[in-house]
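What follows is one structure encoded as structure tokens, with my remarks underneath.
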Amino acid sequence: MTLAAAAGFYLFRYGLGLPVAATYALFAAVAVGGLSRIPGTGRQRAATVARALPVCWLLVAVGTYLSVRTWCAVVGMLLIGFVLAFAAVGGPRPAGAAPGLQLLYILPSFPPYDPGSLPERLIGTTTGLVLFIVVETLVLPEPAPPTYRVRAAEAARTAARVAAQLATPPYAPTAEDLRAARQTGQALRSLTVPDADRPAGPAVRDRALTHTGLATRTLLSRLSLLPSPPEAPPRPEVTAVLTAVTGLATATAACLRGGPSPLAPFAALATARARLSALSADPPAFTDGAPSVHRAALWFSAAALRVHAAVLEIADAALAMGTAADLAMRGRHASVAVAPGRFWYASQRSPVLWWHRIRGHAGQRSVFFQNAVRLALALTAARLVAGLDTLPHGFWAMLATLTLTRTTVDETWSTIRTALTGTLAGALVTAGVLTLVGADTVWYAALLPLWMLFAFTVGPVKGIGWAQGLFTVLVALVFAQLAPPTWHLAEVRMLDVLIGSAVGAVFGLLAWPRGAHDELRRTAAELLRRAAEIVVATSAAVADGPAADDAAAPPLSAVPGHRSLQHAVILAESAYAQYLSEPTPVEGSVRRAAPRQVDWQTALIAGHHALWGSDRLLEPPQRRLGPLAALSVGALGERVAGRMLLVSAALDPGDDTPTATLRPFDPAIAELAAQPPDAPRLYYATVSWLDALLNDLSHIARSDRLPADPGAPPPRA
């Protein structure tokens, strides 16, 4: 940072005599290197800034021309502030770069109105950014962590080993491989992946890589929990599927490391899965005789059908993994056949996918939308105040608003108190330095790079108070070399920071003051309500579903609610991501709060399980359920949906929500635990899905039950 900022400033200020270009070169480097929080290594940050160069030029040009009138600059700040903040929907890199890009509009949007200086401003901005790119690339390079593709490839290799052990004697994975499966699955969780390597963008490859990670984690989990077959060795149809899973997982790992598409292993697994599905859905023809009858009874025993359902789910996860990996590597040119429902994005172009992402978050229930509105209104108000009062160095007020506004009012107040203390200390130091040194710019020129190195090193480590104090002295050293300095510069800096922080505090209080804490309760509750609708509709469709030869029956994807549930999952995931970055609210600060022991990620997993499980349950061929099996599935589905609604009400209670406790659910209810004699494999697949959802619900609250009074203060941890 010191090399990039100081080199550009001294080149133009003393080498070429261009003070405007010197100012823009320094602040461009500070904007993308200090104010922005671009994740990743130096090379990754440099690549992000290089791609953002055209946007930086546009912002400087627009800010220069809109500074002609205060109202023009204010309107521009409202629009540009919202767009740049809302760009966080594109992933961690656009979100991290947004604050620095905001500064590149704020700086030229203040008087003087001088379009003639635009070339000099652009030259200075470009020089500062290019110096930053070069320095980040070449100076003190950082080792790159394993990418998400490498993590997914290692997880796929682990899945291949576990599947191979399940397909060969003794038909059980070793404890070491089970431990490796858990570890590699955990390595694909978003929280364990660096922001720069997290596939969070809306494009095909990012979506597919995210899908690869989810499918691989699902595959590892199902392989680890596969029940033991009642017969030893397992039937050839079962081992054929597991062997094909081994081949596809191995080919997927190679594909993720740059190898060919897993086309042949994918086709082999699809064939093996179809054969097992057909055999377990319809009785094979056995000849008369005791051994044949025994084999038939064993084939259609409850334990065997549970194994078949679990193996088919393993195959589904492996097929999804192979398809997603091929899409992640080759985009729309993937060779593997793509299922239209689960991989709806495969044939879409980037602008369409961006539109889907933006439209999905364009509402007040999205934390991205809330943050963008809050920050845009705060910056607009700060620009209006600075323009009407003609504050000297008014952009410092906007910079304070930009850097001190947080997503919760408690965090904003805490940040402002610390920042004002640091700014006051820095202003006192600045006043003393300016009084002692006077107008001798040689001293300022000699001290500036040393102070830069100190400020850019200590500030991020010691916190916002130190950063504000050190930056106050730094800007004084810069402007003392651009115009004759007086001690009043420290006074102006203090006043601007006070005004900017006050504006940020006001809008932090007025616009969604609780940040993601309240929104996570609402979105998680809405997710469970939508999942309950899917559970009821799916279990009813299974209970009253068509026979295998009923071609006129609609597919499960025609059941309403899938799109609504998917949208609810997206909103809950974004709220959860922001929730993790916010401090825990003070007890008693709000009237209602969800219990602290809630496992929010399990609520998200329950939404995914409801969505994916319902998608695969009625895939043909299927065998119609008998009366007893249909009654059992319908009853269990209604019980699970009712449980979801109760948990949803406990997470987001209303004024008249019943306060009865949620007693632990006992699945061993007589009418649900009974094994109907007419139950085909579809019955056991559905019961397995509903049982997994019950397991998710039992883990949403880490204690045995949610509190009896959801409106009461949460218990202490």
Side-chain angles (χ1 to χ4, degrees), residues 1-10 13 22-38 96 99-104 106-107 110 128 132 379 382 386 391-406 412 414-434 437 444-445 447-483 485 487-504:
M1 276 293 304
T2 301
L3 288 174
F9 181 78
Y10 287 120
R13 175 64 183 88
T23 303
Y24 278 79
L26 184 144
F27 277 99
V30 170
V32 298
L35 187 58
S36 294
R37 291 292 181 266
I38 304 174
L101 298 181
Q102 300 271 19
L103 180 59
L104 291 179
I106 292 172
L107 184 61
F110 280 88
F132 175 82
L379 290 175
L391 287 176
H393 300 291
F395 75 93
W396 287 348
M398 298 189 66
L399 183 59
T401 302
L402 180 63
T403 56
L404 302 182
T405 303
R406 298 293 187 266
T412 299
S414 176
T415 302
I416 287 175
R417 288 195 299 267
T418 306
L420 288 177
T421 302
T423 303
L424 178 59
L428 294 176
V429 173
T430 298
V433 171
L434 295 178
V437 177
Y444 301 124
L447 182 59
L448 178 60
L450 299 177
W451 193 265
M452 279 185 178
L453 183 60
F454 181 64
F456 295 149
T457 303
V458 174
V461 176
K462 300 294 287 186
I464 189 67
W466 279 81
Q468 285 290 326
L470 295 173
F471 190 72
T472 298
V473 180
L474 189 151
V475 295
L477 296 177
V478 171
F479 283 96
Q481 300 177 63
L482 299 173
W487 67 270
H488 293 288
L489 189 64
E491 179 185 10
V492 170
R493 166 70 178 169
M494 186 67 198
L495 177 62
D496 285 339
V497 172
L498 181 61
I499 292 174
S501 60
V503 171

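- S501 and A400 get closest at one heavy-atom pair: N-CB, 4.2 Å.
- Atom CG in L402 sits 6.0 Å away from atom CD in Q102 (nearest 0.5 Å).
- Note that OG1 of T423 is 10.5 Å distant from CG of L470, once rounded to the nearest 0.5 Å.
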Task: Derivation of the side chain to side chain contact (heavy atoms under 4.5 Å, CB included) call for L482 and R13 - done: CA-CA 8 Å; L482 299 173; R13 175 64 183 88; 3.9 Å; yes
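- Annotation: the span from L101 atom CG to S36 atom OG amounts to 6.0 Å, rounded to 0.5 Å.
- Side chains of V433 and V473 form no contact here, defined as non-hydrogen atoms less than 4.5 Å apart.
- Using the six-membered ring where Trp is involved, F479 and W396 have ring planes that are perpendicular, over 60° apart on the 30 and 60° scheme.
- Taking each heavy atom of L474 and A455 in turn, the nearest pair found is CD1-CB, 4.2 Å.
- Taking 4.5 Å as the limit, some side-chain heavy atom of F471 sits within range of a side-chain heavy atom of V475.
- Nearest heavy atoms, L404 versus A419: CD2-CB, 3.5 Å.
- Using a 4.5 Å heavy-atom threshold, the side chains of F27 and I106 count as separate.
- Y444 contributes no side-chain N or O that, together with a main-chain N or O of V437, makes up a donor-acceptor pair within less than 3.5 Å.
- Smallest separation of non-hydrogen atoms from I38 and V32: CD1-O, 3.9 Å.
- The CG atom of D496 lies 11.5 Å from the CE atom of M398; values are rounded to the nearest 0.5 Å.
- Between T430 and A476, the closest heavy-atom pair is CG2-CB, 3.2 Å.
- Rounding to the nearest 0.5 angstrom, the gap separating the CG atom in L424 from the CZ atom in R493 is 12.0 Å.
- Panel note: side chain R406, backbone T415; no donor-acceptor pair is recorded below 3.5 Å.
- Residues T401 and T405 share a closest heavy-atom pair of O-OG1, 2.6 Å.
- Residues L35 and L399 form a side-chain contact, since some pair of their non-hydrogen atoms from C-beta on lies under 4.5 Å apart.
- Taking CE of M452 as the start and CG of L3 as the end, the distance is 10.5 Å to the nearest 0.5 Å.
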TODO: Please step through side chain to side chain contact (heavy atoms under 4.5 Å, CB included) for the pair L448 and Y10, ending with a clear verdict.
DONE: CA-CA 10 Å; L448 178 60; Y10 287 120; 3.4 Å; yes
